[in-house]
Asks: 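Here it is, the structure, as structure tokens.
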Amino acid sequence: MRVVVLGSAAGGGYPQWNCRCRVCALAWSGDTRVAVRTQSSIAATADGEHWLLINASPDLRQQIIDTPAVAPAAMADVSSRHSPLRAVLLTNGDVDHVAGLLTLRERQPLTLHATGEVLQVLADNPIFGVLDPTLVARRAARLDETFEPVPGLSVTLFAVPGKVPLYLEGESVDVGSEGEMTVGVRLEARGRTAHYIPGCAAVTERLRERIAGTDLLLFDGTVFEDDEMRQAGVGEKTGRRMGHLPIAGSDGSLLALADADVGRRIYIHINNTNPILIEDSPERRIVEEAGWEVARDGMELRP
Ligand code: MLT
Ligand code: MN
Ligand code: ZN
């Protein structure tokens, strides 16, 4: 199995267009201790030829330009249109995971997989009709049922604690509920496994059991501290309120997963306020000393 990190940042990317927080300021000034990152997406393949895009980022076009493996290949026949991206899978309906669907609109056959509830969010929004239904089939994936969206790559979606997309939040929001609105992905090819969980409000015992024994864990690294956005002066929202448990703290992911039985562990979906983005920061040292890596765009993994 090959997995490529197309976008390692959370919604907004790094730096975010309107942000001059202390972490973004480093990127705007070209500081060499930080790397620019695009918004949340990975791609995976079992045969190197047929790729599954997991989450369609607003930065998808740039990600394809930067990643030869998923760019159109020269065709032996007369056709000039091609893409190694044969299927798309969504882990939720957030803007950073669905806006890139609009980039995929140029009459390219694809299969779009998501849970029934996430597909309903798309169906409720007519703009996604730009994906011609005669070419782009939408398939509802049931939780805990395995399917093969591209040859040789088995995929299973499972519920993780989460919430509805920000733009669907009502007066009160149920953060941490488990259902079809926020899922993690188990990938398997030839006995090797990877788990991709870009949004997760809490580490439950069920989740720990699920990831036990995996060769690769790509996990929600949105914020280091729960109130980091407030500290940075960019907003009042906590990580938890956004459906993302923090890395640090007594119930953060660092402690909750400290003794998890996983091979490589990598934080992904990193918010622009998160100091782990800075290579020589104390927070970066803390996660690295605990055995974690910090995802970068273009990172290629072979679990
Ligand atoms: C999230 O991961 O919490 C969302 O991407 C936030 C957003 O929609 O901007
Ligand atoms: Mn997001
Ligand atoms: Zn920022």
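Residue numbers run from 1 in the order of the sequence given. This one's a predicted model, so the numbers in the text were calculated from it and none came from an experiment. Remember, it's 1-based here, ligands and their atoms both numbered in the order they're listed.
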Asks: If the Zn ion (ligand 3) is the vertex, what is the angle to SG of C24 and SG of C19, rounded to 10 degrees?
Replies: 110°
Asks: Could you go through the side chain to side chain donor-acceptor pair (under 3.5 Å) check for D47 and H50 one step at a time?
Replies: CA-CA 6 Å; D47 62 8; H50 305 83; 2.6 Å; yes
Asks: May I ask you to check if any N/O/S atom from H269 comes under 2.8 Å of the Mn ion (ligand 2)?
Replies: yes
Asks: Under a 4.0 Å N-O cut-off, is there an ion pair linking R206 with E178?
Replies: yes
Asks: Is the closest basic N to carboxylate O distance between E288 and R285 below 4.0 Å?
Replies: no
Asks: Describe, in one word, how the ring planes of H269 and H97 are oriented to each other, choosing from parallel (under 30°), tilted (30 to 60°) and perpendicular (over 60°).
Replies: perpendicular
Asks: Check step by step if side chain to side chain contact (heavy atoms under 4.5 Å, CB included) holds for I268 and I42.
Replies: CA-CA 10 Å; I268 199 163; I42 66 170; 3.8 Å; yes
Asks: So D220 and V160, do their side chains get closer than 4.5 Å, heavy atoms only?
Replies: no
Asks: Which atom name does D96 have for its N/O/S atom nearest to the Mn ion (ligand 2)?
Replies: OD2
Asks: Within the protein, flag every N or O under 3.5 Å from an N or O of ligand 1, and note the pair and distance.
Replies:
from, atom 1, to, atom 2, distance (Å)
ligand 1, 2 (O), D94, OD2, 3.4
ligand 1, 2 (O), H244, NE2, 2.8
ligand 1, 2 (O), H269, NE2, 3.1
ligand 1, 3 (O), H244, NE2, 2.8
ligand 1, 5 (O), D96, OD1, 2.9
ligand 1, 5 (O), D96, OD2, 3.1

Asks: Less than 4.0 angstrom from a charged side-chain N to a carboxylate O is my criterion; do E279 and R296 meet it?
Replies: no
Asks: Could you walk me through whether V118 and E180 pass the side chain to side chain contact (heavy atoms under 4.5 Å, CB included) check?
Replies: CA-CA 7 Å; V118 170; E180 290 203 342; 5.9 Å; no
Asks: The Zn ion (ligand 3) to N272: any N/O/S contact under 2.8 Å?
Replies: yes
Asks: At a threshold of 2.8 Å, where the distance has to be below it, does the Mn ion (ligand 2) have an N, O or S atom of D94 nearby?
Replies: no
